[in-house]
**Student:** 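If you scroll down you'll find the structure; I have some questions about it.
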2 protein chains.
Amino acid sequence: MGSDVTLKHIADALGVSAMTVSRALNNRSNVDEETREKVLEKAQSMGYTPNHVAKSLVSSKTYTIGVVIPEITHAFFPEVVRGIEEVTNNSDYQLFLTNTNEQFDREKNAIKTLRSKRVDGLLISSSQTEDDVSYYKSLVDSGTKVVFFDRCIEGIGASTVSVNDRESSLKITEHLINKHGYTKIAHLGGPHVSIGQKRLEGYLEALEKYDLPINDKWIIVGGFQEEAGYDAMEKLLDLPTEEFPEAVVSVNDPSAIGAVKAIEEAGLSIPDDIAIVGFTDDIRAPLLDVPLTTVHQPAYEVGKRAAQKLIRTIERDSETVENIVVPTTLKIRSSCGC
Amino acid sequence: MGSDVTLKHIADALGVSAMTVSRALNNRSNVDEETREKVLEKAQSMGYTPNHVAKSLVSSKTYTIGVVIPEITHAFFPEVVRGIEEVTNNSDYQLFLTNTNEQFDREKNAIKTLRSKRVDGLLISSSQTEDDVSYYKSLVDSGTKVVFFDRCIEGIGASTVSVNDRESSLKITEHLINKHGYTKIAHLGGPHVSIGQKRLEGYLEALEKYDLPINDKWIIVGGFQEEAGYDAMEKLLDLPTEEFPEAVVSVNDPSAIGAVKAIEEAGLSIPDDIAIVGFTDDIRAPLLDVPLTTVHQPAYEVGKRAAQKLIRTIERDSETVENIVVPTTLKIRSSCGC
DNA sequence: TAAGATAATGTTATCGCTAACATGCTACGA
DNA sequence: TCGTAGCATGTTAGCGATAACATTATCTTA
């Protein structure tokens, strides 16, 4: 690519200065119409492609956003990316996508590289991590523009876009209690990151509200993937009859789908032997043998809002820090007993 | 970000020249060990992040790859991206992801911007387009390093990575003929791009091989999305009894899933009234009421091979142009009648 | 007609970094 | 003791584009 045409080449070919060419190509005023046309023509015929790298160096602006997601094959995230793109497409930003595979180390590495590449801002859905907020704190403190989405870190000076996790979890648990009269309800939890925590809280709040027993054995801390759900469910299935739960609230759909597999393999039937609900509204949820009752997360909307907020944060210094909440809807199917 | 620490800042703080700092940070020889340590320490404490933009300008290398895909929510592509990332993660390249939503205009736009950003190379799965190869031809001729994947443009001097579309389509059609004895087989085709074309050819070849009738009314040219499959199937369903097909070969799974919906809505049953097979092995394929027989495409592998090939092409000029074919496997489920 | 305004263009310096060459210093063999 | 090799470091220039200022040439207007 060293053979690329530069402003200088066009300038020399035309016997003018590089500055004139620059002005002509950028539609500045004070350029003779005739000159402008000659320049445009020459640029075209020489196959000129402006060098954004040089431009970025001058302006210290790259029109580039880094997107950090934990798991690209979880259908929720591609949909978020679509939402992000809808916005960036109309604002000339390009996206650096990095998939961290739920590994915090990879995430830190990715962020480091993205900062080296001088992205204008970062959209982060953080990987599962211990409560080590300090890393993100110093990232934000360093002046890097960050908007968290879905798996957010709140209270460190960055805006966030998420769904009302606690409330949604509360509602779907309430549904199990109200509509179906279950009293023994278990929770397949996620790891200790924001959404895992909040969904657990919502679940607990529902039980408390209805004075239902909370049993430590019913709360299994697992992960967000299918295997984690499968493994966690196996533990529940091992419980003695008197402690056997009637229903399960899963931290997300992949986990629920893993759990469904475990339940089926154990020869039990859903929802008669055990009911189950998820969270996400995965593309597969309606297709399961027993369609999965779940919380629909408007992924596209989350992406869109996050991107909008980030771009505003980048473009004006006065932009305030917000915790934006996108509402979910309950998707009642039949795995809950309906 | 104008407040970033630069080499110069470190140099001044240490009373040395910027060059020495550069040398120290880049592990060059001929730097006093003591100096190097002081520099490293200072860089750390000042929160120095190397400016890759400036580096790129000097070296005319960005360690950046543009990935152009037509439809990020089609599960095949996220999986490809995972494969690409597996490679780039180990080679320090970052990915610009652009989703063109099957629109050629957006694709051209994206490529233009990516070239401005001086990506080292492009991984392209081209959007549906008329046979206008000239655009891609001049792209490749301009010296841009390109590797096509999945939806490839062959014969224009760029390497390609794809599955054996024609052969796979032939095989799955043969399965319908051999195993099930169907003689009236329709095809829900994709648009006129490489994979659409090749899968059509495979289908036709199978019919010819077994001397089966080819009926123009059985070949519906549609699109790659679910709605296209639905619409196309509706046309087939309108055919009079004597022309009504016994089985349908769909260009991909989303299209097949749309078709399944149309069939179910028409009150017909699969595979008794009409059999159907797809191509992709979408995450939903095994979950349909009648699990879908299809061709499994190793998406991850496609992404990996494409990325490897591109990086080799970027890094050595002698790299040859190849058409790499990744083999598929038939995924026999029950929608074919098995 | 002189003097200032305006339009079109050119020159210089800079963004942050590094290649290439230059400099100063120590060390070592003849 | 000198000359030269080699190490550690400095200086200059340039990557491609542009901001800011400088220079023309042309045009107004009192």
Side-chain angles (χ1 to χ4, degrees), chain A residues 1-40 42-43 46-64 92 113-120 143, chain B residues 1-40 42-43 46-64 92 113 115-120:
Chain A
M1 311 243 167
S3 61
D4 277 330
V5 179
T6 70
L7 283 190
K8 192 84 192 357
H9 294 145
I10 301 178
D12 288 350
L14 250 44
V16 298
S17 75
M19 200 59 225
T20 299
V21 177
S22 168
R23 279 190 271 250
L25 291 174
N26 290 289
N27 269 310
R28 301 301 187 71
S29 56
N30 291 349
V31 179
D32 188 81
E33 201 44 50
E34 203 183 321
T35 313
R36 186 194 306 282
E37 269 165 35
K38 264 196 294 189
V39 169
L40 260 48
K42 203 73 183 176
M46 294 178 78
Y48 174 72
T49 309
N51 187 327
H52 230 286
V53 176
K55 230 177 220 181
S56 296
L57 185 59
V58 172
S59 62
S60 53
K61 177 130 176 56
T62 55
Y63 280 96
T64 283
D92 289 327
T113 311
L114 291 170
R115 294 186 63 203
S116 268
K117 296 236 155 112
R118 291 296 186 267
V119 293
D120 295 331
Chain B
M1 312 246 168
S3 61
D4 276 330
V5 179
T6 71
L7 283 190
K8 192 83 191 0
H9 294 144
I10 302 179
D12 288 350
L14 251 44
V16 298
S17 75
M19 199 60 225
T20 300
V21 177
S22 169
R23 279 191 271 248
L25 290 173
N26 290 289
N27 270 310
R28 300 301 186 71
S29 55
N30 290 351
V31 179
D32 188 80
E33 201 44 49
E34 202 183 323
T35 313
R36 184 193 309 280
E37 269 164 34
K38 264 195 296 187
V39 169
L40 259 50
K42 203 73 185 175
M46 294 179 77
Y48 175 73
T49 309
N51 186 327
H52 230 285
V53 176
K55 231 177 216 180
S56 296
L57 185 57
V58 173
S59 61
S60 53
K61 176 128 178 58
T62 56
Y63 279 97
T64 282
D92 289 326
T113 311
R115 293 186 64 202
S116 267
K117 296 236 155 114
R118 292 296 187 267
V119 294
D120 295 332

**Student:** Tell me whether the side-chain N/O atoms of A:Ser60 come closer than 4.0 Å to OP1 or OP2 in C:dC15.
**Tutor:**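 False: A:Ser60 side-chain N/O out of range (4.0 Å or more) of C:dC15 OP1/OP2.
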**Student:** Look at the side chain of B:Tyr48 and decide which nucleotide, out of C:dT9, C:dT11, C:dC17, has an atom nearest to it.
**Tutor:**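 Of all the options, the side chain of B:Tyr48 is nearest to C:dC17.
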**Student:** Under 4.0 Å between a side-chain N or O of B:Ser59 and OP1 or OP2 of D:dC15?
**Tutor:**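 No.
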**Student:** Any side-chain N or O of B:Lys55 under 4.0 Å from OP1/OP2 of C:dT18?
**Tutor:**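 For B:Lys55, the contact criterion (side-chain N or O under 4.0 Å from OP1 or OP2 of C:dT18) is met.
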**Student:** Tell me which nucleotide among C:dT11, D:dA17, C:dA8 gets nearest to the side chain of A:Asp32.
**Tutor:**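 Per side-chain heavy atoms of A:Asp32, the pick is C:dA8.
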**Student:** For side chain to side chain contact (heavy atoms under 4.5 Å, CB included), just list the numbers for A:Val16 and A:Lys38, CA-CA rounded to whole Å, side-chain angles, deciding distance to a tenth of an Å, and then say yes or no.
**Tutor:** CA-CA 11 Å; A:Val16 298; A:Lys38 264 196 294 189; over 6 Å; no
**Student:** Report the C-alpha distance between A:Leu7 and A:Leu25 in whole Å, list the side-chain angles of each, state the deciding distance to 0.1 Å, and finish with yes or no for side chain to side chain contact (heavy atoms under 4.5 Å, CB included).
**Tutor:** CA-CA 9 Å; A:Leu7 283 190; A:Leu25 291 174; 3.7 Å; yes
**Student:** Take atom CZ of B:Arg36 and atom C1' of D:dC7, then tell me their distance rounded to the nearest Å.
**Tutor:**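 Atom-to-atom, B:Arg36 to D:dC7, this comes out as 13 Å.
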**Student:** Is the backbone N or O of B:Ala18 less than 3.5 Å from a side-chain atom of B:Ser22, with the two atoms forming a donor-acceptor pair by type?
**Tutor:**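 Flag not set: sc B:Ser22 to bb B:Ala18 has no pair under 3.5 Å.
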**Student:** Please say which of B:Asn51, B:Thr64, B:Val53 ends up in a side chain to side chain contact (heavy atoms under 4.5 Å, CB included) with A:Lys117.
**Tutor:**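 Exactly one pass, corresponding to B:Thr64.
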**Student:** In whole Å, I'd like the distance from the CG atom of A:Leu7 to the P atom of C:dT14.
**Tutor:**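 The distance from CG of A:Leu7 to P of C:dT14 comes to 20 Å, rounded to the nearest Å.
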**Student:** Round to a whole Å and report the spacing from CG of A:Asn27 to P of D:dT18.
**Tutor:**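 Rounded to whole Å, this separation is 12 Å.
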**Student:** Determine the contact category for A:Thr35: base if any of its heavy atoms lies under 4.0 Å from a base atom, sugar-phosphate if only primed atoms, P, OP1 or OP2 are that close, otherwise nothing.
**Tutor:**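 The residue A:Thr35 makes sugar-phosphate contact but no base contact.
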**Student:** Check every strand shown and say whether B:Arg28 touches a base, only sugar-phosphate, or nothing at a heavy-atom separation below 4.0 Å.
**Tutor:**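 Sugar-phosphate, no base atom in range.
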**Student:** A:Leu25 CG to D:dA19 P: how many Å, rounded?
**Tutor:**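 About 13 Å, once rounded to whole Å.
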**Student:** Side chain of A:Arg23, heavy atoms from C-beta onward: which of C:dT18, C:dC17, C:dT9 has the nearest atom to it?
**Tutor:**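 Of C:dT18, C:dC17, C:dT9, C:dT9 is nearest to the side chain of A:Arg23.
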**Student:** Both B:Ala18 and A:Gly15 contact DNA chain C. Taking the nearest nucleotide for each, which residue is further toward the 5' end?
**Tutor:**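 Its nearest nucleotide being more 5', the pick is A:Gly15.
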**Student:** Out of the candidates B:Ile10, B:Asp12, B:Thr35, B:Thr6, only one should pair with B:Val21 under the side chain to side chain contact (heavy atoms under 4.5 Å, CB included) rule; please name it.
**Tutor:**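 Testing B:Val21 for a side chain to side chain contact (heavy atoms under 4.5 Å, CB included) against B:Ile10, B:Asp12, B:Thr35, B:Thr6 leaves exactly one candidate, B:Ile10.
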**Student:** How is B:Val16 classified with respect to the nucleic acid when contacts are heavy atoms under 4.0 Å: base, sugar-phosphate, or nothing?
**Tutor:**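 Here B:Val16 touches the backbone only, sparing every base.
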**Student:** Nearest of C:dA20, D:dT18, C:dA7 to any side-chain atom of A:Asn30?
**Tutor:**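 That would be C:dA7.
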**Student:** Output the rounded distance in Å from OH (B:Tyr63) to P (C:dC17).
**Tutor:**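 To the nearest whole Å, that distance equals 17 Å.
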**Student:** I want to confirm an ordering. Mapping A:Met19 and B:Met19 to their closest nucleotides on DNA chain D, which one lands closer to the 5' end?
**Tutor:**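 Nearest nucleotide further toward 5': that of B:Met19.
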**Student:** If I take atom CG in residue B:Leu14 and atom P in nucleotide D:dT9, what distance separates them, rounded to the nearest angstrom?
**Tutor:**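 After rounding, the reported distance stands at 11 Å.
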**Student:** Rounded off to whole Å, could you give me the CG-to-P distance for the A:Asn26 and D:dG16 pair?
**Tutor:**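 For the pair A:Asn26 CG and D:dG16 P, the rounded distance is 17 Å.
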**Student:** Given that B:Leu57 and B:Val31 both sit by DNA chain D, which one's nearest nucleotide is further toward the 5' end?
**Tutor:**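 Of the two residues, B:Val31 wins.
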**Student:** Is the CD atom of B:Glu33 crowded by more than 12 outside heavy atoms at less than 6.0 Å?
**Tutor:**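 Yes, CD of B:Glu33 has more than 12 neighbouring heavy atoms, counting only those of other groups under 6.0 Å.
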**Student:** Contact class for A:Ser17 (heavy atom, under 4.0 Å): base, sugar-phosphate, or nothing?
**Tutor:**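 Touches a base.
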**Student:** Let me know the distance between CG of B:Asp12 and P of D:dG10, rounded to the nearest Å.
**Tutor:**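 After rounding, the gap between these two atoms is 11 Å.
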**Student:** Looking only at N and O atoms, is any donor in the side chain of B:Arg118 or the base of D:dG16 less than 3.5 Å from an acceptor on the other one?
**Tutor:**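 By the distance-only test, no, there is no pair.
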